[in-house]
Amino acid sequence: MSIYPEEFDVIVIGAGHAGCEAALAAARLGVSTCMLTINLDCIAAMSCNPAIGGLAKGQLVREIDALGGEMARNIDAAGIQYRRLNTSKGPAVRATRAQADRLLYRLRMKRVLENQPGLEIHQAMAGELLVREGRVFGVKTTTGQEFHSKRVIVTTGTFLRGLIHIGLEQMQAGRMGDPPSNRLARAIASLGFEMGRLKTGTPPRLHAGTIDFSSLDVQESDPEPVPFSITSDTVPLPQRPCWITYTNDATHRVIESGLDRSPLFAGVIEGTGARYCPSIEDKIHRFPDRERHQVFLEPEGLDTVEVYPNGISTSLPIDIQIKMVRSIRGLENARIMRPGYAIEYDYANPVQLYPSLETRIVSGLYFAGQINGTSGYEEAGAQGLMAGINAARSVKDMEPVVLDRSQAYIGVLIDDLVTRGTREPYRMFTSRAEYRLLLREDNAHARLTPLGREIGLVDDAAWNRFRQRQEDAEQALKFVSDIKVVPGPETDRWLASIGSAPVRQQMPLLELLRRPEVTLEAAAEMYPQLRSIPQDAACQVEIETKYQGYVRRQQEEIEKFRHWESVKLPDDLDYAAIPGLTREVVEKLSRQRPDSIGRASRISGITPAAITAIRIHLKKIGMGE
């Protein structure tokens, strides 16, 4: 047996999006950190689509940045197409999505990790968690070497007993080209964790030189890309277009001809796939009346010919994949460079975690990313960041940082996982957040940067930039507040030009901005001095003004929410002794051990009557409200 000569404070297993954030957070908080990864050349690999952000995911990326994480900075350095989504809708559902140069994204993150003080990176496959008396004390690799530590964070992605399917052919792999982590999967299960099986997939990659782009609809980048990170002044790389095409009846017939050799329909795949992101064969089976399905052709980088056809994820046999692709407009002569495939992998039911992401079964052990049943780079990065923060704080005997549902999408994500669990790949949606009007992309830094600074992850450059933005917003609000709209022919003509009714008496411009058709941009035609307001500040002023009533209502709802979150439940509460609780409720509460009345109420199957019974019992024992 070989023991590595240095003992670390934190070991991170895995170098995907969760692992990178976890390792950087721990090291930046001043604890000695070690990252173990199967392949040093695959750090931060984008195994599926070459993009960061999107609906609800863009909010997660900005929240990671606000807390001092790295994902936003990395995509800003590697982004080759930025688009703001849902711009015609309300601010609660607007979001940013950026295509990445896949290679540059990976290489930059690798460089950041390699140059992070306090972080060591080793190419090694974890084979066993070292546990003594219920507490983890390190990792044993498949080559027999032991790395000892005070805390361990597991971020294994799709590698736990990973199994790839292409048609009826199978191969063991964590992703195409990398071996699975079978020994670690067995080791985790042997510790008593309830494990399950999930499935995800990816489309074939196409050679750009064999695609007829002239016949396709082009989708350009936004003319003025807005970076994700508060520290990014610009997007440095040239922007590239994407293209849109569609499947058709011929495509669907080809797919149907191969369903007898589809692992999904032949019953070969055991894992549960994502309902919201089905394979193309699943789409045509579930939606037989749909004449076509959209396909986005996304470039994988500036210096590669590979194109990602977003929308045709598949595990069909290769011969069917070729026919399917060539039945689509613009792809008649397309050549597949990498086949599409499905992959099954193990995950641990996340109800076995505390809100800090520490496991309930083994002290000092944290899970983050797809091992918790989530899907997506952004969800993984958010969990990795919080696990890294809390593991480091635990080493220092500090209380964990737990974001609640009213603070951040990250809070919604983790609360959903640890209270409700998941039986299918979990993806973040805006609809999951009750307070989404207050959890917008544009105010993520205002919500979380002070906390990131307090934790110790927000550096001086980011903090100074944040303070300047806050000052700009305050000054902009005062500036707009001081402008008075005076009735008169000139004002009436201006209002008529933007489809708004005339004013009958003098009023503050802020009041006029509450009208849906009156924007700061439109107001600048009448009051040119408004053009001097920075774009970020103008956005804040306009949103806060137009949605003032809705914001106030959500703030009142949050006060009620926080009241129930503040009613704590002792970890050793004997639920079996509480009159009126069913056996099922007692079993769930005893297993999950919610830390508050609010969290208990969100556990699946916990009824309002059960919550009332618990409150009455708490009052009897002197712990009630």
Could you walk me through whether Glu194 and Arg423 pass salt bridge (Lys or Arg N to Asp or Glu O under 4.0 Å), step by step? CA-CA 12 Å; Glu194 176 197 331; Arg423 298 293 179 184; 3.0 Å; yes
Dump the intermediate steps for side-chain contact (heavy atoms from CB on, under 4.5 Å) on Arg615 and Trp564, then the final yes or no. CA-CA 11 Å; Arg615 289 171 56 198; Trp564 294 117; 3.2 Å; yes
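You'll find the side chain of Asn49 reaches within 4.5 Å of the side chain of Tyr377, heavy atoms only. Side-chain contact between Arg599 and Arg602: present, with at least one pair of heavy atoms (C-beta onward) separated by less than 4.5 Å. Side-chain atoms of Val418 and Tyr354, non-hydrogen and from C-beta on, never get closer than 4.5 Å to each other. Thr155 places none of its side-chain heavy atoms less than 4.5 Å from the side chain of Ile371. With a 4.5 Å cut-off on side-chain heavy atoms, Leu403 and Ile414 do not count as touching. Phe228 is listed as a side-chain neighbour of Thr96, based on a closest heavy-atom distance under 4.5 Å. You'll find the side chain of Pro203 reaches within 4.5 Å of the side chain of Tyr308, heavy atoms only. The closest side-chain heavy-atom distance from Leu67 to Leu457 is not below 4.5 Å.
Under 3.5 Å, the side chains of Asp76 and Ser232 contain a donor-acceptor pair of N or O atoms. In this structure, a donor-acceptor pair under 3.5 Å is present between the side chains of Asp404 and Ser406. In this structure, a donor-acceptor pair under 3.5 Å is present between the side chains of Arg28 and Gln116. Side-chain atoms of Ser32 and Glu6 form no donor-acceptor pair, as typed in the model, at a separation below 3.5 Å. Judged by distance alone, the side chains of Glu378 and Tyr409 never bring a donor and an acceptor atom under 3.5 Å apart.
Pairs passing the side-chain hydrogen bond (donor to acceptor under 3.5 Å, both in side chains) check and including a residue from residues 391-400, sequence neighbours excluded, read Arg151-Ser394.
More than 12 heavy-atom neighbours from other residues, nucleotides or ligands sit within 6.0 angstrom of CZ on Arg591. Within a 6.0 Å radius of CD in Gln123, other residues, nucleotides and ligands contribute more than 12 heavy atoms. Atom CZ of Arg338 has 12 or fewer neighbouring heavy atoms from other residues, nucleotides or ligands inside a 6.0 Å radius.
Here Met386 contributes atom CE and Ile410 contributes atom CD1; the two are 6.5 Å apart, rounded to the nearest 0.5 Å. Rounded to the nearest 0.5 angstrom, Ile11 CD1 and Ile153 CD1 are separated by 10.5 Å.
A salt bridge links Glu63 with Arg447: the closest approach of a Lys/Arg side-chain nitrogen to an acidic carboxylate oxygen falls below 4.0 angstrom. A salt bridge does not link Arg106 with Asp101: none of the charged nitrogens is closer than 4.0 Å to a carboxylate oxygen. Electrostatic pairing of Asp416 and Arg405 counts as a salt bridge here, judged by a charged N lying under 4.0 Å from a carboxylate O. The residues Glu584 and Lys588 are annotated as salt-bridged, a charged nitrogen and a carboxylate oxygen being separated by less than 4.0 angstrom. Using a 4.0 Å cut-off between a side-chain N of Lys or Arg and a carboxylate O of Asp or Glu, Arg73 and Asp459 qualify as a salt bridge.
Test Arg111, Lys110, Arg108 against Glu70 for salt bridge (Lys or Arg N to Asp or Glu O under 4.0 Å) and you get one pass: Arg108. The one candidate from Leu589, Leu573, Thr419 that meets the side chain to side chain contact (heavy atoms under 4.5 Å, CB included) condition with Pro594 is Leu589.
For Ser590 (side chain) and Glu587 (main-chain N/O), no donor-acceptor pair under 3.5 Å exists by modelled atom type. The backbone N or O of Phe159 sits nowhere less than 3.5 Å from a side-chain atom of Thr156 that would complete a donor-acceptor pair. Put simply, the side chain of Thr374 gets close to the backbone of Gly369: a donor and an acceptor are under 3.5 Å apart. Side chain of Glu344 to backbone of Ile269: no donor-acceptor contact under 3.5 angstrom is found. Put simply, the side chain of Thr158 gets close to the backbone of Gly174: a donor and an acceptor are under 3.5 Å apart. Asn349 contributes a side-chain N or O that, together with a main-chain N or O of Val351, makes up a donor-acceptor pair within less than 3.5 Å. A distance-only check finds no donor-acceptor pair linking the side chain of Gln59 to the backbone of Arg440 [under 3.5 Å]. Tyr347 places a side-chain N or O within donor-acceptor distance of the main-chain N or O of Thr422, the cut-off being under 3.5 Å. A donor-acceptor pair under 3.5 Å is absent between the side-chain atoms of Ser149 and the main chain of Val152, judged by distance alone. Looking at Asp346, its side chain never comes within 3.5 Å of a backbone N or O of Met195 through a donor-acceptor pair.
Residues Arg62 and Ala444 share a closest heavy-atom pair of CB-CB, 3.8 Å. The heavy-atom pair separating Pro117 from Asn115 by the smallest distance is CD-O, 3.2 Å. For the pair Pro400 and Ser356, the tightest heavy-atom approach, listed with the atom from each and the gap, is CB-CB, 3.7 Å. Looking at every heavy atom in both residues, Leu113 comes nearest to Ala23 through CD2-CB, 4.4 Å. Contact between Ile166 and Gly340 at its shortest, heavy atoms only, is CG1-O, 3.8 Å. For Ala100 against Ile75, the heavy-atom pair with the smallest separation is CB-CD1, 3.5 Å.
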Distance-only donor-acceptor hits, side chain of residues 38-48, under 3.5 Å, sequence neighbours excluded:
| residue | atom | partner | partner atom | Å |
| --- | --- | --- | --- | --- |
| Asn39 | OD1 | Asp41 | N | 2.9 |
| Ser47 | OG | Arg175 | NH1 | 3.1 |

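The salt bridge (Lys or Arg N to Asp or Glu O under 4.0 Å) test applied to Glu379 returns Lys57, not counting sequence neighbours.
The aromatic rings of His17 and Tyr105 are tilted relative to each other, their planes meeting at an angle between 30° and 60°. Aromatic ring orientation, Phe8 versus His122: perpendicular (interplanar angle above 60°, classes split at 30° and 60°).
A cation-pi arrangement, defined by a distance under 6.0 Å to the six-membered ring centre and an angle within 45 degrees of its axis, is present between Arg432 and Tyr426.
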